[in-house]
Amino acid sequence: MNNPLTSPNVKKAANVLGIVVLIALVAPFAVFAAPEVVGADESFVVLTASMTPAIAPGDVVIVAERDPAAIAAGDVITFSRGTSDVPVTHRVIDVVAADGGVAFETMGDANEGPDPGLVPGTNLIGEVVFAIPYIGYVIQFAGTRAGFVALVVLPFGLLAAGELWSIVREADRDASPESSAVTAAPADAAEAGAEGAPAVAAEPSSDESAAGTGSGGVSVASVGGATAVLVGFAPYAAYVAFQLRTAASIAVAVAVTTLLLGALAVWVPASGVLDRKSTDDDARADASHASAPRPEDVAAPVDGAGEGD
């Protein structure tokens with residue numbers, strides 16, 4: 001009996017699910033890097049809590065350019081103030097006429113009073129279309145030297161090392177003699193020839209071939225141990241990141257979760273858990289068929305049996 005978890009449809013569904021999860025993780029950062037894909041023009045990381053709870057520190061605001069005359073009270077806008085290079089995102093509470101144009105009276109949702117002075121329409125950068133929570137922490141961390149190494153250099157380095165290791169192992173496999181196949185003994189071959197059945201070379205199991213490669217690669221048990229540690233640590237890292245909401249804690253939680261998913265993707269196929277379950281089901285089915293008596297093994301009664309002499 002085939003294990004439904006190893007069926008082609010389930011594997012295809014798992015691949016599609018993996019792609020969807022990957023897109024969901026990458027899409028927010030892609031929108032921040034290129035807000036044009038959603039019809040916006042600018043993107044900024046929020047640094048203060050003046051707009052909480054609507055927009056919190058660490059959120060990213062996606063801003064679209066607007067005509068100042070199209071802005072109304074209640075809109076959330078991003079604007080420049082004075083000579084500061086850091087833009088401000090606040091809510092418009094009133095629109096007034098000034099110098100042949102408009103000016104905005106603004107206030108942060110968490111502030112007790114309006115901002116000092118009016119914001120000229122010429123200082124308007126745009127209207128906030130929507131906000132993406134939390135990813136600003138990761139973006140800020142990526143801007144540091146440690147973040148660049150952890151989120152860019154290290155993953156690409158591991159990817160390159162994995163590709164090189166695969167090339168080296170493939171070259172070693174091609175160069176090594178075909179010693180894994182065990183041929184049948186002469187006596188067994190003679191018996192097989194006498195019975196009219198061809199002799200078949202025995203192939204070692206996947207576990208035996210993996211144990212006998214001697215290639216010095218990481219063992220399945222090591223990967224399983226690392227996976228067990230990550231399973232215990234990932235929820236704790238996520239809890240700490242949710243409580244602290246700092247760039248470092250969120251980056252650690254993202255890194256641990258990514259490592260956990262990668263370790264599971266490596267360990268599950270290598271351990272043969274799903275294949276072993278399928279093999280056990282097949283063996284159980286074969287045993288049930290073998291235990292049932294065959295019709296030709298049941299002796300037919302002989303005529304006259306049981307009659308007296």
Side-chain angles (χ1 to χ4, degrees), residues 14-15 17-38 42-49 52 55-62 85-87 89 130-169 216-270:
N15 291 335
L17 179 61
I19 294 174
V20 171
V21 172
L22 181 61
I23 292 175
L25 291 175
V26 174
F29 298 95
V31 172
F32 171 80
E36 295 80 8
V37 299
V38 291
E42 302 284 349
S43 58
F44 303 96
V45 176
V46 178
L47 302 177
T48 65
T52 54
I55 303 174
D59 293 354
V60 164
V61 290
I62 306 300
D85 294 332
V86 180
T89 296
F130 60 88
I132 306 175
Y134 303 128
I135 70 168
Y137 289 120
V138 181
I139 293 168
Q140 286 181 300
F141 179 67
T144 64
R145 182 175 301 177
F148 181 77
V149 172
L151 300 178
V152 179
V153 177
L154 185 59
F156 278 100
L158 292 175
L159 179 62
E163 292 296 328
L164 290 175
W165 178 249
S166 299
I167 293 173
V168 171
R169 291 194 63 182
V218 180
S219 65
V220 176
S222 299
V223 177
T227 304
V229 173
L230 291 172
V231 166
F233 185 66
Y236 173 75
Y239 173 78
V240 172
F242 180 77
Q243 293 295 325
L244 299 181
R245 298 189 180 183
T246 60
S249 62
I250 292 177
V252 169
V254 171
V256 171
T257 304
T258 304
L259 288 175
L260 174 60
L261 295 176
L264 286 173
V266 172
W267 178 76
V268 171

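For clarity, every value in this text was computed on a predicted model and none was experimentally measured.
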- Item | Pair T89-F44, side-chain contact (heavy atoms from CB on, under 4.5 Å): steps then yes or no | CA-CA 9 Å; T89 296; F44 303 96; 5.7 Å; no
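- Closest approach of S43 and I62 over heavy atoms only: CB-CD1, 3.8 Å.
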Below 3.5 Å, can you tabulate the donor-acceptor pairs from side chains in residues 141-158 to any protein atom, sequence neighbours excluded?
residue : atom : partner : partner atom : Å
T144    : OG1  : F141    : O            : 2.6
T144    : OG1  : G147    : N            : 3.1

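- Of all heavy-atom pairs spanning I135 and I132, the tightest one is CD1-CG2, 3.8 Å.
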- Task: Apply side-chain contact (heavy atoms from CB on, under 4.5 Å) to the pair F32 and V138, showing each step before the final yes or no.
- Result: CA-CA 12 Å; F32 171 80; V138 181; over 6 Å; no
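- Applying the side-chain contact (heavy atoms from CB on, under 4.5 Å) rule to L47 yields the partners V45, V86, Q140; only residues at least two apart in sequence or on another chain are considered.
- D85 approaches P87 most closely through the heavy-atom pair O-CD, 3.4 Å.
- Between the OG1 atom of T52 and the CG atom of D59 there is a distance of 10.0 Å, given to the nearest 0.5 Å.
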